[in-house]
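Presented below is the structure to which this report refers.
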Protein chains: 2
Amino acid sequence: MKYSYQREEILKVVKASSGHISALEVYDEVKKTIPNISLGTVYRNLNSLVEHNYITKINMPSGSDIFDYTLGKHSHTHCIKCNEIFDLSSELNEEIKALVETNMNFVITKPVVFEGICHKCRDKKEG
Amino acid sequence: MKYSYQREEILKVVKASSGHISALEVYDEVKKTIPNISLGTVYRNLNSLVEHNYITKINMPSGSDIFDYTLGKHSHTHCIKCNEIFDLSSELNEEIKALVETNMNFVITKPVVFEGICHKCRDKKEG
DNA sequence: TATTGAAGTAGTAATGATTACTACTTAGAG
DNA sequence: CTCTAAGTAGTAATCATTACTACTTCAATA
């Protein structure tokens, strides 16, 4: 991979984010330092960073994909109220994987996104 | 809901499918009996059938949504080799739900799609 | 049974996320 | 320095889906 200032800034932004950021959010953020950067450049570089294992792409069931700086494949939960994304521990991930494998005879190869309500939002409603 | 011939034929096609069919596939199939049906009509009716709980919509992580005639909310596995979709038993579904709830303090509210390799495709490769 | 209006339809345009294309630019090996 | 493969900006295209518009039809009621 040839060095590019654009890619460097894109990676910086993904790192600086809490770990979960969309292509458009990266674009808006990088524009602050490189005002004329192209959205295509952001997508191309995010995807090549994924290919080279610098970051991970998460396919959200609804809405746009998000990019994750946390190393290692892991699944997520996505709160449909506050829109926050949380990481599953690798232990929990393995436990679910094993359950599906033994019960369904099916090998999960990609991280999953569980959609629902996080504890903060549930407490808000009940409180 | 006012009766419509188009909606009736659309529901027939979803029923007749093995349970998992995309909007475009429904469109192609219904065109055989209603050649000038509009794709918009297919989408609108599929969505209103979902709203009235005749069928279920499954948000696929990648690619187009699919519609499911099987009653009752349930999660799925999706084989990325043969593209087949399998239903999770409600027991397995509840087990996973409980796991995520106790470990993450997160309530799953939507069915999930696990992506990976089904036993048929795995056997093919290993055999 | 004729009237009527809300719900439905076909066809087309628009949207949102993403990728592809094109002519220009730049990193960095030789 | 030179040269070329890789990268870039900007724009057009794609794919899945929804919105819009003028026309049609179901079905309640006069």
Side-chain angles (χ1 to χ4, degrees), chain A residues 1-14 17 20-52 54-68 78 80 83 85 110 113 115, chain B residues 1-14 17 20-52 54-68 78 80 83 85 110 113 115:
Chain A
M1 230 187 347
K2 191 173 79 169
Y3 170 85
S4 109
Y5 174 49
Q6 284 84 345
R7 190 187 307 119
E8 180 163 294
E9 291 302 310
I10 286 164
L11 184 55
K12 260 191 208 165
V13 166
V14 178
S17 79
H20 307 112
I21 190 165
S22 72
L24 205 63
E25 285 167 342
V26 171
Y27 176 59
D28 286 337
E29 195 59 32
V30 175
K31 264 201 292 194
K32 292 177 187 169
T33 44
I34 313 174
N36 71 327
I37 195 168
S38 161
L39 183 55
T41 299
V42 171
Y43 271 103
R44 185 169 17 77
N45 278 304
L46 283 172
N47 284 327
S48 80
L49 285 168
V50 168
E51 267 175 46
H52 290 80
Y54 287 91
I55 61 175
T56 312
K57 188 199 275 198
I58 310 167
N59 289 121
M60 299 298 279
S62 40
S64 45
D65 292 347
I66 60 165
F67 296 87
D68 185 351
H78 171 221
I80 56 175
N83 224 33
I85 291 163
K110 285 189 190 177
V113 179
E115 297 199 291
Chain B
M1 229 187 345
K2 192 173 82 167
Y3 170 84
S4 110
Y5 175 50
Q6 284 84 344
R7 191 188 306 118
E8 180 163 295
E9 291 303 310
I10 287 165
L11 183 56
K12 260 190 209 167
V13 166
V14 178
S17 80
H20 307 114
I21 191 165
S22 72
L24 204 64
E25 285 167 342
V26 172
Y27 176 59
D28 286 336
E29 194 59 32
V30 175
K31 264 201 293 194
K32 291 177 187 169
T33 45
I34 314 174
N36 70 327
I37 194 166
S38 163
L39 183 56
T41 299
V42 172
Y43 272 104
R44 185 170 16 77
N45 278 305
L46 284 172
N47 284 327
S48 81
L49 285 168
V50 168
E51 269 174 45
H52 290 80
Y54 286 92
I55 60 176
T56 312
K57 189 199 277 198
I58 310 168
N59 289 121
M60 298 298 279
S62 41
S64 45
D65 294 346
I66 61 164
F67 296 86
D68 185 351
H78 171 222
I80 56 175
N83 224 34
I85 291 163
K110 285 189 190 175
V113 180
E115 296 199 292

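Computed from a prediction, not measured in an experiment: that's the story for all the values here. Naming: A, B, ... by sequence-line order, numbering from 1 per chain.
At whole-Å resolution of the value, NZ in B:K2 and P in C:dT9 are 8 Å apart. B:M1 has its CE atom 11 Å from the P atom of D:dA27, to the nearest Å. Atoms CZ (B:R7) and P (C:dA10) sit 12 Å apart, rounded to a whole Å. In this structure, the CG atom of B:N59 is 12 Å from the C1' atom of D:dT17, given to the nearest Å. Across the protein-nucleic acid pair, A:I66 atom CD1 and C:dT18 atom C1' stand 16 Å apart, rounded to whole Å. In this structure, CD1 of B:I34 is placed 15 Å from P of C:dG8, rounded to the nearest angstrom. Remark: P of C:dT9 and CD of B:E9 are 12 Å apart, rounded to the nearest angstrom. When rounded to the nearest whole Å, the span between CD of A:Q6 and P of C:dT25 equals 14 Å.
Among the atoms of the strands shown, only primed sugar atoms or phosphate atoms (P, OP1, OP2) are found under 4.0 Å from some heavy atom of B:Y3. Contacts of A:L39 with the nucleic acid, taken as non-hydrogen atoms under 4.0 Å apart, include base atoms.
At a cut-off of 3.5 angstrom, counting only N and O atoms as typed in the model, there is no donor on one side facing an acceptor on the other between the side-chain of A:S4 and the base of D:dG7.
Using a 4.5 Å heavy-atom cutoff, the side chains of B:P61 and B:E115 are in contact. B:N83 places a side-chain heavy atom less than 4.5 Å from the side chain of B:H78.
The shortest heavy-atom contact between A:V26 and A:I10 is CG1-CG2, 4.0 Å. Taking both residues in full, the closest heavy atoms of A:Q6 and A:N45 are given as CB-ND2, 4.4 Å, listed atom of the first, atom of the second, then distance.
Out of C:dT18, C:dG8, C:dT9, the shortest distance to the side chain of B:N45 is found at C:dT9. Distance from the side chain of B:T41 is smallest to C:dA10 among D:dA9, C:dT18, C:dA10. Checking C:dT19, C:dG11, C:dT26 against every side-chain atom of A:K57, the shortest atom distance belongs to C:dT19. Closest to the B:S64 side chain, of the nucleotides D:dG7, C:dT18, D:dT17, is D:dT17. Ranking D:dT8, C:dT18, D:dT17 by closeness to the A:D65 side chain, first place goes to C:dT18. For B:N47, whose side chain is taken as the heavy atoms from C-beta onward, the closest listed nucleotide among C:dA27, D:dT18, C:dA6 is D:dT18. Checked against C:dA6, D:dA5, C:dA10, the side chain of B:R44 finds its nearest nucleotide in C:dA10.
A sub-4.0 Å separation between OP1 or OP2 of D:dT17 and a side-chain N or O of B:Y43 is present.
Other residues, nucleotides and ligands place more than 12 heavy atoms under 6.0 Å from the OH atom of A:Y27.
Remark on DNA chain D: of its neighbouring residues A:S48 and A:N36, the 5'-side contact belongs to A:S48, judged by nearest-heavy-atom nucleotide.
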